[in-house]
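A short write-up of the structure that comes next.
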Amino acid sequence: MQTKIDEIADGIYRLSTFVPDIAPPAGFVFNQFLVMGDEPLMFHTGLRKMFTLNRDALSRLIPPERLRWIAFGHFESDECGAMNEWLAVAPQAQAAHGQTGCLVSLNDFADRAPRILADGEVIDIGQGRRVRFIDTPHTPHGWDAGVMFEESTGTLLCGDLFTQLGDGPALTQGDVVGPSIAAEDLFKYSALNPAMGTTIRSLARLAPRTLALMHGPSFSGDGAAALHALADEYDRRVSDPAFVAARAA
Ligand SMILES: [Fe+2]
Ligand SMILES: [Fe+2]
């Protein structure tokens with residue numbers, strides 16, 4: 001396996017590893033994002049078993065020991081499986097996650113105490129980059145779920161939202177909603193809940209110019225429109241008579 005590196009917004013690098021054996025024949029990508037600054041922040045650690053691959057990839061951008069912040073969307077192996085391996089190679093690094101995730105998992109799991117981020121709290125990483133944590137509980141899945149928004153570039157690090165199959169380009173201006181609906185139909189990865197559409201729609205107020213997908217290409221364009229379309233799709237699913245009947249049963 002190889003890890004490709006592309007700059008998808010000013011100072012934000014996508015480290016992408018394609019795994020053809022997952023959901024063949026399309027395959028599946030795992031992306032991490034390095035936000036460059038005086039205090040570099042990585043969003044997603046990658047799987048624990050891919051740590052060596054990802055460490056070697058990161059070292060093409062910065063010495064791994066310079067990493068300062070380790071952040072991710074929710075507690076799951078591809079999001080944070082290698083957290084302690086990164087903490088071991090980067091002595092200044094600290095995990096940063098929302099209150100739920102820290103209290104439920106990281107205070108115990110992380111080898112060094114995490115920084116607990118309130119909903120909306122910003123980490124100023126220097127060089128003009130500011131990364132805001134936003135709680136999105138159970139959306140698309142995980143009680144502790146959240147996303148991050150880098151304000152200077154308008155980049156939404158949206159984790160598993162918009163998940164799609166295949167190894168597309170690093171950056172696209174094409175449709176990211178249709179492919180994510182197809183992946184939802186296949187994987188059923190979302191914790192469908194009545195608040196989901198509202199939660200996703202609230203992210204549209206950020207008017208992101210780039211959507212950094214964990215599993216798929218990054219999207220450049222009208223991020224608010226894509227988020228509204230995705231929210232509408234989940235509203236439709238939650239109000240589907242079969243879903244409503246199943247909840248009532
Ligand atoms: Fe996930
Ligand atoms: Fe993921």
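Both backbone and side-chain heavy atoms feed into the values below; hydrogens, waters and symmetry mates do not. For ligands, and for the atoms within them, numbers begin at 1 and follow the listed sequence.
Side-chain atoms of Thr3 and Thr17 form a donor-acceptor pair, as typed in the model, at a separation below 3.5 Å. No hydrogens or angles considered: nothing links the side chains of Glu79 and His44 as a donor-acceptor pair under 3.5 Å.
In summary, of the residues considered (His215, Arg48, Gln32), a side chain to side chain donor-acceptor pair (under 3.5 Å) with Asp78 occurs for His215 alone.
Ring pair Trp86/Phe51: centre-to-centre distance below 6.0 Å. A distance of 6.0 Å or more separates the ring centres of Phe28 and Phe18.
Gln92 CD: 12 or fewer foreign heavy atoms inside a 6.0 Å radius.
Within His74, the N, O or S atom lying nearest to the Fe ion (ligand 1) carries the name NE2.
Listed by chain and residue number, the protein N/O/S atoms under 2.8 Å of the Fe ion (ligand 2) are Asp78 OD2, Glu79 OE2, Asp160 OD1, Met214 SD, His215 NE2, with waters left out.
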